[in-house]
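Before any comments, here is the structure.
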Amino acid sequence: MADSNRRDIERGRIAQDILDNEIFQDAMEMLEDEYKKIWAATKQEESEQRERLWMAMKLIPEFERQLRIIVEKGIIKKNQIVKIKKNIA
């Protein structure tokens with residue numbers, strides 16, 4: 001198996017472990033809650049701060065999406081290798 005395939009499969013496994021980790025899930029939820037709390041407490045004239053907080057809140061699901069992409073890439077590589085091995089056997 002090529003080193004890049006092994007690397008992608010391992011990275012996918014690690015990314016899935018992160019996504020499944022209760023502490024990671026709690027941290028993401030806490031971060032989003034904190035941003036919402038700070039955003040709700042801003043004054044009317046603090047529109048720049050609200051904009052920055054809004055952008056930060058939008059990055060949370062994007063971060064998780066990037067981890068899921070790594071997971072899927074690992075799964076695809078693993079399935080390709082299994083298929084190749086079946087065709088050889």
Side-chain angles (χ1 to χ4, degrees):
M1 180 175 11
D3 285 342
S4 67
N5 289 339
R6 253 187 241 127
R7 181 179 173 271
D8 289 341
I9 292 168
E10 181 63 10
R11 285 171 45 92
R13 186 194 61 74
I14 293 168
Q16 186 63 61
D17 288 347
I18 292 168
L19 287 167
D20 292 342
N21 186 286
E22 185 178 344
I23 294 170
F24 173 79
Q25 293 169 3
D26 289 348
M28 291 290 104
E29 188 175 315
M30 290 167 53
L31 184 60
E32 186 173 3
D33 290 346
E34 184 67 17
Y35 285 158
K36 287 178 182 177
K37 187 170 101 178
I38 295 169
W39 182 82
T42 59
K43 297 177 181 156
Q44 183 177 356
E45 63 273 7
E46 297 177 315
S47 60
E48 275 187 46
Q49 184 178 2
R50 280 193 302 277
E51 182 68 21
R52 284 192 304 273
L53 289 164
W54 181 82
M55 289 188 309
M57 285 189 290
K58 292 296 182 184
L59 287 175
I60 294 170
E62 179 60 23
F63 179 75
E64 292 174 337
R65 187 177 82 79
Q66 291 300 320
L67 285 172
R68 291 186 197 294
I69 288 170
I70 294 169
V71 170
E72 289 301 316
K73 188 174 182 181
I75 290 170
I76 290 168
K77 292 285 182 154
K78 188 174 182 179
N79 289 341
Q80 287 174 343
I81 290 167
V82 167
K83 189 175 182 178
I84 290 169
K85 285 182 179 180
K86 280 184 180 179
N87 288 337
I88 292 174

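Side-chain atoms are counted along with the backbone in the values below, which use heavy atoms only and exclude waters and symmetry mates. Owing to the predicted nature of the structure, the values given are computational and were not obtained by experimental measurement.
One finds the CD atom of Glu48 at 10.5 Å from the CD atom of Glu46 (value rounded to the nearest 0.5 Å). Note: Lys58 NZ to Ile60 CD1 = 10.5 Å, rounded to the nearest 0.5 Å. A distance of 11.0 Å separates CD1 in Ile38 from CZ in Arg52, rounded to the nearest 0.5 Å. Expressed to the nearest 0.5 Å, how far OG1 of Thr42 lies from CD of Glu51 amounts to 11.5 Å. Interatomic distance, Leu19 CG to Gln25 CD, rounded to the nearest 0.5 Å: 8.0 Å.
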Apply side chain to side chain contact (heavy atoms under 4.5 Å, CB included) to the pair Glu62 and Arg65, showing each step before the final yes or no.
-> CA-CA 5 Å; Glu62 179 60 23; Arg65 187 177 82 79; 3.0 Å; yes

Side chain to side chain contact (heavy atoms under 4.5 Å, CB included) evaluation trace for Leu59 with Tyr35 = CA-CA 11 Å; Leu59 287 175; Tyr35 285 158; over 6 Å; no

Given Ile70 and Lys73, is the side chain to side chain contact (heavy atoms under 4.5 Å, CB included) satisfied, shown in steps?
-> CA-CA 5 Å; Ile70 294 169; Lys73 188 174 182 181; 5.7 Å; no

Could you check Lys83 against Asn79 for side chain to side chain contact (heavy atoms under 4.5 Å, CB included), going step by step and ending with a plain yes or no?
-> CA-CA 6 Å; Lys83 189 175 182 178; Asn79 289 341; over 6 Å; no

Verify salt bridge (charged side-chain N to carboxylate O under 4.0 Å, His left out) between Lys36 and Glu32, making sure each step is shown before the conclusion.
-> CA-CA 6 Å; Lys36 287 178 182 177; Glu32 186 173 3; 3.4 Å; yes

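Taking the charged nitrogens against the carboxylate oxygens, Arg7 and Glu10 have no contact shorter than 4.0 Å, which rules out a salt bridge.
One hydrophobic cluster holds both Phe63 and Leu53 under the rule that ILVMFWY side chains link at heavy-atom gaps under 4.5 Å. Under a hydrophobic-cluster definition in which Ile, Leu, Val, Met, Phe, Trp and Tyr are linked whenever side-chain heavy atoms come within less than 4.5 Å, directly or via other members, Phe24 and Val71 are assigned to the same cluster.
Glu22 CD: 12 or fewer foreign heavy atoms inside a 6.0 Å radius.
Only one option out of Ile76, Ile14, Ile81 pairs with Ile9 in a side-chain contact (heavy atoms from CB on, under 4.5 Å); it is Ile81.
The closest side-chain heavy-atom distance from Asp33 to Glu29 is below 4.5 Å.
A donor-acceptor distance shorter than 3.5 angstrom exists from the side chain of Arg50 to the backbone of Lys43, with no hydrogens or angles considered.
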